[in-house]
Chemist: 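Encoded as structure tokens, here's the structure I'll be asking about.
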There are 2 protein chains.
Amino acid sequence: MTPMNRAKATPPTNLRYAVAVDLVVFTIRDRRLCLLLVERDIPPFQGAWALPGGFVLPDEDLREAAYRELAEETGLGSGVHLEQLATYGAPTRDPRGRTISIAWLALSPDAAEPVAGSDASRAQWWPVDHIDSATLAFDHARIITDGLERARAKLEYSPLGAAFCPPEFTVAQLRAVYEAVWGQHLDPRNFHRKVTKSPGFLTPTGAMTNADGGRPAQLYRRGVIDVLNPPITRS
Amino acid sequence: MTPMNRAKATPPTNLRYAVAVDLVVFTIRDRRLCLLLVERDIPPFQGAWALPGGFVLPDEDLREAAYRELAEETGLGSGVHLEQLATYGAPTRDPRGRTISIAWLALSPDAAEPVAGSDASRAQWWPVDHIDSATLAFDHARIITDGLERARAKLEYSPLGAAFCPPEFTVAQLRAVYEAVWGQHLDPRNFHRKVTKSPGFLTPTGAMTNADGGRPAQLYRRGVIDVLNPPITRS
DNA sequence: CTCGTTATCGTGTGATTGACGATAAGGCCA
DNA sequence: TGGCCTTATCGTCAATCACACGATAACGAG
């Protein structure tokens with residue numbers, strides 16, 4: 001046995017790799033689920049669309065790095081839900097050398113216009129069904145697929161649909177989130193009953209809104225729980 | 001802006017970190033949920049119990065590294081369910097220098113006696129409720145907590161309870177898995193109905209066993225689905 | 001043959017779901 | 001002002017599902 005694979009001994013520099021974070025940022029725009037992509041202006045994959053991201057700095061926690069990159073690309077920061085998605089580290093995923101990337105899933109209200117960062121000529125929201133997987137940089141198509149699957153699953157058993165909404169929102173707004181993410185129509189009456197009866201999911205503010213034209217609707221805020229029981233089911 | 005935080009440029013060596021995999025390996029022994037720990041025989045944390053794991057080799061995929069470490073510590077390999085849990089990378093989590101660790105969740109049938117690896121004097125199965133979190137090396141207590149939570153959740157909506165069982169098993173064996181992982185008693189009759197009616201969860205082999213003393217039981221094999229609908233609920 | 005053990009099938013009650021009717025409460029326009 | 005469109009919210013009904021538990025089946029031990 002060589003010293004190299006002697007686990008938990010300090011590794012030499014040839015066993016150290018670049019470590020990055022990549023962000024799968026979703027929002028709802030125009031009743032459609034959209035993803036933030038940046039256009040790369042440096043090789044490799046120059047000109048291709050990619051997930052926003054960057055390398056982890058020496059004194060930075062992984063979550064901090066993700067928040068920093070998110071702020072750099074969107075101007076957003078607090079109020080955005082951020083959770084680890086998965087880590088991608090195939091030896092050849094980056095032609096420049098071995099890179100380990102920790103992907104994060106972010107859910108944002110439709111607030112900020114994206115800002116082009118230092119390494120990207122443009123940043124733009126893309127409706128998820130208009131993204132051409134084949135042209136994406138690195139293994140980002142795979143990461144996006146995983147992020148989509150996670151987001152869709154999370155809506156079922158967590159109150160994270162509200163992460164797409166402003167701090168105060170109506171049941172109809174929340175329903176629009178579910179419909180956009182799942183790509184299916186939901187019955188307004190049954191949806192209303194489910195989410196308002198689900199203990200801890202929503203807390204009414206008392207205020208009403210009539211922004212949507214019809215009868216004024218109750219405004220709600222996110223509740224205190226972080227697991228939905230019973231879940232909101234699709235199909 | 002320095003070249004250092006210019007995202008997606010090749011990073012200099014001071015921006016490269018050690019990358020490891022750590023394994024949270026569960027099994028059921030004696031109707032209790034057990035976790036594989038190794039006793040460290042080198043600093044830091046010499047003499048403390050830790051998760052098995054080691055550094056990722058240059059040409060190795062992350063999953064490969066996890067499988068290799070699993071084989072080194074347990075002799076097991078195929079037949080064990082292995083999925084990514086999360087990645088831990090706090091700047092100070094390893095006193096020797098910055099280390100990013102990709103934790104994997106493994107579910108194993110009660111088959112192999114653990115084997116002490118090169119870096120550990122002993123490897124041993126521990127009942128999860130006998131583990132003293134305070135004495136564990138690194139941030140492994142946190143990783144174990146996350147692994148436990150994941151395992152408990154996965155039993156609800158995935159057929160992975162069967163990953164704790166031998167290739168052919170009875171409903172009672174499967175129920176024992178659920179009871180051990182969730183730490184609660186389940187009604188044998190309702191459990192039997194749920195799992196046998198859940199489409200694709202179990203496929204009967206036709207053979208029977210009478211190993212448990214009472215009426216002979218049907219043997220089943222894992223079904224083909226990977227998401228349980230409806231889920232098996234606790235409480 | 002009886003008893004203890006485990007497996008498996010049924011059954012009844014109460015809760016939940018999904019489809020959909022009914023009503024409430026605003027704005028718009030003649 | 002009153003019709004009409006829109007959206008919100010409540011109610012109803014049948015089908016389904018959950019859970020608690022009774023009943024029966026099929027073995028081994030004594």
Side-chain angles (χ1 to χ4, degrees), chain A residues 28 31 155-157 161-162 165-166 168-180 182 184-221 227-235, chain B residues 28 31 155-157 161-162 165-166 168-180 182 184-221 227-235:
Chain A
I28 312 282
R31 301 191 151 255
L155 286 208
E156 293 199 38
Y157 58 89
C165 299
E168 301 197 349
F169 54 91
T170 67
V171 173
Q173 278 177 275
L174 186 62
R175 180 166 45 87
V177 167
Y178 277 79
E179 291 180 335
W182 286 348
Q184 70 182 225
H185 176 77
L186 300 172
D187 183 275
R189 297 157 293 190
N190 290 336
F191 184 84
H192 187 280
R193 184 185 47 195
K194 271 189 180 176
V195 297
T196 55
K197 294 279 175 63
S198 183
F201 191 178
L202 301 178
T203 48
T205 67
M208 311 284 283
T209 182
N210 56 355
D212 279 334
R215 170 176 166 182
Q218 177 67 243
L219 281 171
Y220 293 89
R221 214 184 292 276
V227 58
L228 230 50
N229 207 309
I232 315 288
T233 49
R234 351 169 207 185
S235 115
Chain B
I28 311 282
R31 302 192 151 254
L155 286 207
E156 294 199 37
Y157 58 89
C165 299
E168 301 197 351
F169 54 91
T170 67
V171 173
Q173 278 178 274
L174 185 61
R175 180 165 46 86
V177 167
Y178 277 79
E179 291 180 336
W182 286 347
Q184 71 182 224
H185 176 76
L186 299 172
D187 184 277
R189 297 157 292 188
N190 290 336
F191 184 83
H192 186 278
R193 176 166 35 100
K194 272 189 182 176
V195 298
T196 55
K197 295 279 173 65
S198 183
F201 191 0
L202 301 177
T203 48
T205 67
M208 310 286 281
T209 182
N210 57 354
D212 280 333
R215 169 175 167 182
Q218 177 66 242
L219 281 172
Y220 292 90
R221 214 185 292 275
V227 59
L228 230 49
N229 206 307
I232 315 289
T233 49
R234 352 169 206 185
S235 114

Chemist: Quick one: does B:Asp187's side chain get under 4.5 Å of B:His192's, heavy atoms only?
Modeler: no
Chemist: Quick one: on DNA chain C, does A:Asn190 or B:Arg175 contact a more 5' nucleotide (nearest heavy atom)?
Modeler: B:Arg175
Chemist: So does B:Thr233 get a side-chain nitrogen or oxygen closer than 4.0 Å to the phosphate oxygens (OP1/OP2) of D:dC19?
Modeler: yes
Chemist: Are any side-chain N or O atoms of A:Gln184 and backbone N or O atoms of A:Glu179, one a donor and one an acceptor, separated by less than 3.5 Å?
Modeler: no
Chemist: Has A:Tyr178 got a side-chain atom pairing as donor or acceptor with A:Leu155's backbone, closer than 3.5 angstrom?
Modeler: yes
Chemist: In this structure, how many angstroms lie between the P atom of D:dG11 and the CZ atom of A:Arg189, rounded?
Modeler: 14 Å
Chemist: Using a 4.0 Å heavy-atom cut-off, does A:Thr196 contact any base of the nucleic acid, only the sugar-phosphate backbone, or nothing at all?
Modeler: nothing
Chemist: Between the base of D:dA26 and the side chain of B:Arg215, is there a donor and acceptor pair under 3.5 angstrom?
Modeler: no
Chemist: If every non-hydrogen atom of A:Gln218 is compared with every non-hydrogen atom of A:Ala207, which pair is closest and at what distance?
Modeler: OE1-O, 3.2 Å
Chemist: Distance check needed: D:dA8 P versus A:Leu219 CG, whole Å only.
Modeler: 11 Å
Chemist: Need one value for B:Thr209: base, sugar-phosphate or nothing, where a base atom within 4.0 Å counts as base even if backbone is also close, heavy atoms only.
Modeler: nothing
Chemist: On the nucleotide D:dA8, are OP1 or OP2 found under 4.0 Å from the side-chain N or O atoms that A:His192 carries?
Modeler: no
Chemist: Measure from CZ on A:Phe191 to C1' on D:dT7 and round the result to the nearest Å.
Modeler: 15 Å
Chemist: Closer than 4.0 Å, any side-chain N/O of A:Lys194 to the OP1 or OP2 of C:dG18?
Modeler: yes
